[in-house]
Amino acid sequence: MSLISIIVPCYNEEAVLPLFYEEIQKVMEQMRTEHSHLTFELLFIDDGSKDKTLALLREMALKDQRVRYISFSRNFGKEAGMFAGLENAKGDYVVVMDADLQHPPAFLPQMYNYVKDGEYDCATTRRVSRKGESKIRSAFARTFYKIMNKISQTEIVDGAQDFRFMTRQMVDSILSMREYNRFSKGIFSWVGFKVRYIEYENVERAAGTTAWSFWGLFRYSLEGIFAFSTAPLALASLLGVISCLVAFIMCVVIIIKTLAFGEPVAGFPTIMCGMFFLGGLQLFCTGILGQYLSKTYLECKHRPVYLMRENEEIYRSRQNS
Ligand code: UDP
Ligand code: MG
């Protein structure tokens with residue numbers, strides 16, 4: 001028997017929940033007929049919804065033994081929802097997907113096929129178009145991925161989504177990252193493992209409206225940069241070095257000028273040189289502080305030093321099963 005947990009973060013999703021439930025049931029039935037050893041649990045996370053989402057979940061849980069839910073005391077955001085889901089899921093395989101059918105349940109059988117033999121640890125979708133999204137939003141998104149991939153060692157794939165079919169091993173690895181400020185796109189990528197991408201065209205929301213405003217997304221992208229890059233902290237060092245260099249050149253110029261032509265304001269050259277040089281030095285030292293701060297920051301996150309994917313024990317037990 002293999003249990004598949006399906007985690008669905010929901011924030012004000014009364015309009016799509018019934019549709020989602022209907023769709024996912026069809027897919028679960030289909031998968032059970034193909035693979036009789038599969039069982040399912042649906043784990044909904046009600047992220048402090050203000051509409052009838054919780055009432056719908058209660059009703060579903062009463063009728064259907066496979067339905068579980070966790071209701072938050074207030075809105076904590078989708079990241080917190082996904083974390084709660086991963087932490088509480090009991091499955092051998094874990095799926096994370098949106099409630100709005102933008103992550104089509106029809107992909108699940110294919111995803112399971114990729115993951116079940118142990119060749120891949122994760123199957124996920126990558127949208128190749130941003131159809132149905134505003135031009136400005138797409139442009140900003142593309143710029144974000146460009147900058148992010150320049151300044152961060154963790155690769156953030158453009159178009160990758162939080163629609164994931166993962167093995168228990170990968171889920172445990174994700175849970176071993178205990179950081180509070182969670183940026184899932186980075187975390188999924190940071191843990192590594194063998195990931196299979198399935199490309200597809202963007203699908204629009206089945207009903208309801210998106211909870212993400214432009215500014216919300218903008219803040220979220222900054223979150224991503226600060227969580228997975230310390231480049232901004234190194235900026236002071238760079239500015240300091242440039243400023244010191246400029247000071248040095250100015251000193252030389254001022255000294256030569258004073259020697260050749262004299263200086264009507266006594267003491268001016270000395271003050272100018274001192275100002276530029278000290279300013280640069282200060283920035284440079286702030287940069288050094290920044291370097292130590294960035295190391296401390298990374299230590300605080302208590303990220304694992306390494307993650308194992310396989311050893312002889314795992315390999316042998318897989319061969320035997
Ligand atoms: N969501 C959530 N908490 C929030 C915002 C969103 O749990 O604070 C859920 C939402 O119910 C949906 C998923 O996250 O299942 C994606 O949200 P949405 O469709 O609004 O985002 P988009 O698809 O536009 O990125
Ligand atoms: Mg959506």
Side-chain angles (χ1 to χ4, degrees), residues 5-24 42-57 60 67-89 94-108 124-142 144-145 156-165 180-188 200-224:
S5 303
I6 301 175
I7 298 168
V8 191
C10 307
Y11 179 55
N12 296 342
E13 297 288 13
E14 60 176 10
V16 285
L17 261 185
L19 295 172
F20 174 83
Y21 185 56
E22 204 177 299
E23 287 295 313
I24 199 80
L42 285 167
L43 178 51
F44 293 93
I45 316 293
D46 164 38
D47 186 9
S49 300
K50 294 178 185 73
D51 62 359
K52 290 206 253 349
T53 299
L54 179 58
L56 286 172
L57 292 179
M60 272 151 62
V67 173
R68 295 170 58 203
Y69 68 86
I70 295 171
S71 181
F72 286 175
S73 57
R74 64 168 168 87
N75 180 246
F76 280 90
K78 187 186 171 188
E79 289 289 345
M82 287 196 287
F83 183 72
L86 292 173
E87 209 172 38
N88 290 282
V94 176
V95 180
V96 180
M97 65 195 299
D98 287 0
D100 57 8
L101 295 176
Q102 276 187 306
H103 298 163
F107 277 120
L108 291 179
T124 182
T125 53
R126 194 175 88 84
R127 50 180 184 180
V128 287
S129 76
R130 289 182 169 271
K131 199 178 61 179
E133 212 180 64
S134 83
K135 284 233 164 56
I136 308 178
R137 200 162 155 164
S138 309
F140 266 94
R142 261 197 294 276
F144 164 71
Y145 285 110
I156 314 282
V157 179
D158 189 357
Q161 295 173 308
D162 303 333
F163 181 17
R164 306 231 161 202
F165 196 117
Y180 176 78
N181 294 295
R182 299 185 78 80
F183 181 69
S184 279
K185 283 190 166 66
I187 292 176
F188 286 137
Y200 85 117
E201 295 276 322
N202 193 27
V203 188
E204 285 185 44
R205 221 172 208 289
T209 49
T210 173
W212 289 97
S213 64
F214 181 79
W215 284 112
L217 272 181
F218 186 70
R219 276 205 307 274
Y220 186 60
S221 63
L222 288 185
E223 181 91 19

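Atoms within each ligand, like the ligands themselves, are counted from 1 in listed order. Computed from a prediction, not measured in an experiment: that's the story for all the values here.
Between F140 and F214, the ring planes are perpendicular. Angles over 60° get that label, and only those under 30° would be called parallel.
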Residues V203, L101; criterion side chain to side chain contact (heavy atoms under 4.5 Å, CB included); working and verdict: CA-CA 8 Å; V203 188; L101 295 176; over 6 Å; no

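Ligand 1 has at least one atom lying under 4.0 Å from a heavy atom of R205. Heavy atoms of G77 come nearer than 4.0 angstrom to ligand 1 in at least one pair.
Counting the atoms of ligand 1 from 1 in the order shown, those under 4.0 Å from a heavy atom of T210 are 18 (P), 20 (O), 21 (O), 22 (P), 24 (O). The atoms of ligand 1 that sit less than 4.0 Å from any heavy atom of D47 are 2 (C), 3 (N), 4 (C), 7 (O), 8 (O). Residue E13 has at least one heavy-atom neighbour below 4.0 Å for each of these atoms of ligand 1: 10 (C), 11 (O), 12 (C), 15 (O).
Residues I7 and I45 meet the side-chain proximity criterion, which asks for heavy atoms closer than 4.5 Å. Counting only heavy atoms from C-beta outward, the side chains of M97 and F20 approach each other to under 4.5 Å. Side-chain contact check for R182 versus I187: some heavy-atom pair is nearer than 4.5 Å.
What sits closest to atom 8 (O) of ligand 1 on the protein, heavy atoms only, is N75 ND2, 3.1 Å. With hydrogens left out, the protein atom closest to atom 19 (O) of ligand 1 is D100 OD2, 2.6 Å, a heavy atom. Among protein heavy atoms, the minimum distance from atom 15 (O) of ligand 1 is reached at P9 O, 2.7 Å. Annotation: atom 14 (O) of ligand 1 to nearest protein heavy atom, K78 CD, 3.2 Å. Closest to atom 16 (C) of ligand 1 among all protein heavy atoms lies D98 OD2, 3.1 Å. Protein heavy atom in closest approach to atom 5 (C) of ligand 1: A211 CB, 3.7 Å. The closest protein non-hydrogen atom to atom 1 (N) of ligand 1 is Y11 CB, 3.7 Å. In terms of protein heavy-atom proximity, atom 21 (O) of ligand 1 is closest to W212 CD1, 3.0 Å.
If you look at the Mg ion (ligand 2), the protein N, O or S atoms less than 2.8 Å from it are D100 OD2, Q102 OE1.
Take D47 and apply the salt bridge (charged side-chain N to carboxylate O under 4.0 Å, His left out) test, not counting sequence neighbours, and it matches no residue. Remark: E79 engages no residue in a salt bridge (charged side-chain N to carboxylate O under 4.0 Å, His left out) (not counting sequence neighbours). Remark: Y200 pairs with F107 by the ring-ring contact (aromatic ring centres under 6.0 Å, His included) rule, at least two apart or across chains.
A salt bridge links K78 to D98: one of the charged nitrogens lies within less than 4.0 Å of a carboxylate oxygen.
When atom types are taken as modelled, the side chain of S49 and the backbone of D51 share no donor-acceptor pair closer than 3.5 angstrom.
For the pair R142 and F144, the cation-pi criterion (under 6.0 Å, within 45° of the ring axis) is not fulfilled.
Checked by atom type, the side-chain pair T53/E13 shows no donor-acceptor distance below 3.5 Å.
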